[in-house]
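All values below were derived from every heavy atom in this structure, side-chain atoms included, with hydrogens, water molecules and symmetry-related copies excluded.
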Amino acid sequence: MERNGGHYTDKTRVLDIKPLRTLRPVFPSGNQAPPFVCAPPFGPFPPGFSSFYPFSSSQANQHTPDLNQAQYPPQHQQPQNPPPVYQQQPPQHASEPSLVTPLRSFRSPDVSNGNAELEGSTVKRRIPKKRPIARPENMNFESGINVADRENGNRELVLSVLMRFDALRRRFAQLEDAKEAVSGIIKRPDLKSGSTCMGRGVRTNTKKRPGIVPGVEIGDVFFFRFEMCLVGLHSPSMAGIDYLVVKGETEEEPIATSIVSSGYYDNDEGNPDVLIYTGQGGNADKDKQSSDQKLERGNLALEKSLRRDSAVRVIRGLKEASHNAKMYIYDGLYEIKESWVEKGKSGHNTFKYKLVRAPGQPPAFASWTAIQKWKTGVPSRQGLILPDMTSGVESIPVSLVNEVDTDNGPAYFTYSTTVKYSESFKLMQPSFGCDCANLCKPGNLDCHCIRKNGGDFPYTGNGILVSRKPMIYECSPSCPCSTCKNKVTQMGVKVRLEVFKSANRGWGLRSWDAIRAGSFICIYVGEAKDKSKVQQTMANDDYTFDTTNVYNPFKWNYEPGLADEDACEEMSEESEIPLPLIISAKNVGNVARFMNHSCSPNVFWQPVSYENNSQLFVHVAFFAISHIPPMTELTYDYGVSRPSGTQNGNPLYGKKKCFCGSAYCRGSFG
DNA sequence: GATACTTCAATGCG
DNA sequence: CCGCATTGAAGTAT
């Protein structure tokens, strides 16, 4: 039950800066990509690292020691006056050619080997394929998860399993999308990925148990039933009741461990701590009439749990009214208070169970219901300063909220959704889009834009990024493919965000909506400049994104050893930008300027380029690393600025003290 | 151990 | 945007 706010490392020791463990230059020479060794794919997570921290400000305040802000001013903060005025800037169009001066060129893509190379990028990132064809008989796949950890997990492992599942699922979805409908085999990428992970031992908490599951935290969100199977939260792939047979006084009897409430039956919306749950079975099937439910299996288990006062885990299935997003949120332990039999809609008997949430648990489902109400405006969000700090520039409002002190907003800046390019970014060469008629179909290798991505369509059908890459090429506004899905980062923010005052790190960014792994969040807006032509002091400003920083590499993509197709070669995931780019959001920016640093981030940045008016632009786009529960602060790794030329393999230290609170905190950043 | 059965999934089609 | 049919895999029961 310990959330990250409750357990801080001793910040007085921050001065004693540790070496940055796995830091590597972002442009390593040679083929040094580490072989996959089954470490957690995205930097280790501390066992208690966390997730859902709804209404965190008040809770955090209770537990957070004074972190001596006078001595270590929070990152990112500008002088607080004058009062905030969020002047909006009209969307920038091609009518301002002098401002929209593009980047230097890319070499025309080398389509022959399916790999677009950037000019000025001297390092060829392709890693020679060493793996044999990934067939079960000649594969020697090891999950890297030992027997003990597979039985009883931990936070790090749970997050790792979820990431590996979803990376594989996205890849299967990508492969399916690319096939013609006739030969498409992978109709259910979730099942395919899930059963692959099961078979290869990419799972944890296989020991079934009632109560707490190690590494799974209240408020965790899931988007597929299989995700809950793999981490041992709820093992049936479809059924709603999970149970376990234990020794009773006289004979063996089942007790319930967890239930999924999909909202299929009517739920009492009144009190989020109470759940009336309907037993299983009795439903009409294609060759079966509906019938009375029987006191067996899950129904019997719930009855026995009631007798034994044994609490069950409850997972709430949620459907957001606005769009079709279905998801699950783990809402902790409930006690079964009573049971009865009731006539269902079909006139047959159904079992009913009244469950009441155990006290003392952090809110999860209750927070979600509260957020749904905020969206209607009644009651309004507590601590609201501005309902939309973008003044309508974003299609979805961005709230400005302060629940911790009297600060009424960050310093003045101009909100914009488009990057301003300075004169120094002249394209040396024109660039071309594709000539697809209506939309660019995945798998269509005649599409120039798809070929620039190495033959892969970078996003799944619902706009989720499949893999990290040195560069993503999107279709451009001037491509004729008007309804094309390869324009994800050009369509603006799609999640309901809020800028909030954090307890110890100034303003931060978080989302009212749950965010799926791989979802686009926003781009980094500001004034883009060639760093080599800018004074050093400018580059050191707060509110600056610097692509030349040294970033901690991490593994996010699917593992070729898990995908059962042989064509995959392991590509570098690390970003590759053709010139030292800095983006200053000091005067002009968007929500990205409020995202804080963390050494265990939940967001990564990815270079994305697309052409406009025959000129190529590079953007820094942010995507979710893992599923992010509502109200969890969004953070990315700021990296460490590179001292000019004097690196010599010595560990690099950031200039700012880090307050991310992660057990894997490097101590500094920036 | 094989195999049948159960199951509040997820998708795509009309 | 929906209702419906289709396909589905783990775990349990036989």
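Pairing each heavy atom of A/Gln606 with each of A/Ile472, the nearest pair is NE2-CG1, 3.4 Å. In terms of heavy-atom proximity, A/Asn154 sits nearest to A/Leu157 at OD1-N, 2.8 Å.
Figure legend: cation-pi geometry between A/Arg170 and A/Phe165 absent, as NZ or CZ is not positioned both under 6.0 Å from the six-membered ring centre and within 45° of its axis.
Here the nucleotide nearest the side chain of A/Leu191, chosen from B/dA10, C/dA9, B/dT7, is C/dA9. Listed candidates were B/dA10, B/dT7, B/dA9. Nearest to the side chain of A/Ala239 is B/dT7.
Rounded to whole angstrom, the span from the CD1 atom of A/Ile259 across to the C1' atom of B/dT7 amounts to 15 Å. If you measure from atom OH of A/Tyr353 to atom C1' of B/dC8, you get 14 Å, rounded to the nearest angstrom. Rounded to an integer number of Å, the gap from A/Arg516 CZ to B/dA10 C1' is 11 Å. The distance from atom CE of A/Met228 to atom P of C/dA9 is 17 Å, rounded to the nearest whole Å. One can place CE of A/Met327 at 22 Å from P of B/dC8, the figure rounded to the nearest angstrom. At whole-Å resolution of the value, CD1 in A/Ile276 and C1' in B/dC8 are 16 Å apart. Between A/Leu318 atom CG and B/dC8 atom P the separation is 18 Å, expressed in whole Å. For the pair A/Lys319 NZ and C/dG3 C1', the interatomic distance rounds to 12 Å; values are reported in whole Å.
Note on A/Lys187: every side-chain N or O is 4.0 Å or more away from OP1 and OP2 of C/dG8. OP1 or OP2 of B/dC8 sits under 4.0 Å from a side-chain N or O of A/Asn283. For A/Arg225 and B/dA9, the shortest distance from a side-chain N or O to OP1 or OP2 is below 4.0 Å.
In terms of position on DNA chain B, the residue among A/Tyr328 and A/Gly240 whose nearest nucleotide sits closer to the 5' end is A/Gly240.
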Notebook entry, point to check: Can you give the dot-bracket line for DNA chain B, where a pair is Watson-Crick or G-U wobble with both atom distances under 3.5 Å, crossing pairs use [ ], and | marks a partner on another strand?
Noted result: .||||||.||||||
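One finds a salt bridge joining A/Glu335 and A/Lys337 here, because a Lys/Arg side-chain nitrogen approaches an Asp/Glu carboxylate oxygen to under 4.0 Å. Electrostatic pairing of A/Glu573 and A/Lys469 does not count as a salt bridge here, judged by no charged N lying under 4.0 Å from a carboxylate O.
Paired with A/Asp513 under the rule salt bridge (charged side-chain N to carboxylate O under 4.0 Å, His left out), one option of A/Arg496, A/Lys375, A/Lys494 passes, and it is A/Lys375.
Interatomic distance, A/Phe623 CZ to A/Arg516 CZ, rounded to the nearest 0.5 Å: 14.5 Å.
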Pairs under 3.5 Å (N/O, protein and nucleotides 10-14 of chain C):
unit_1 : atom_1 : unit_2   : atom_2 : d
C/dG11 : OP1    : A/Arg203 : NH2    : 3.3
C/dT12 : OP1    : A/Lys208 : NZ     : 2.6
C/dT12 : O3'    : A/Tyr243 : OH     : 3.2

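Side-chain rings of A/Phe223 and A/His627 approach one another, their centers coming within less than 6.0 Å.
Ring-plane geometry between A/Phe457 and A/Tyr459 is classed as perpendicular, the angle between the planes exceeding 60 degrees on a 0 to 90 degree scale with a lower cut at 30.
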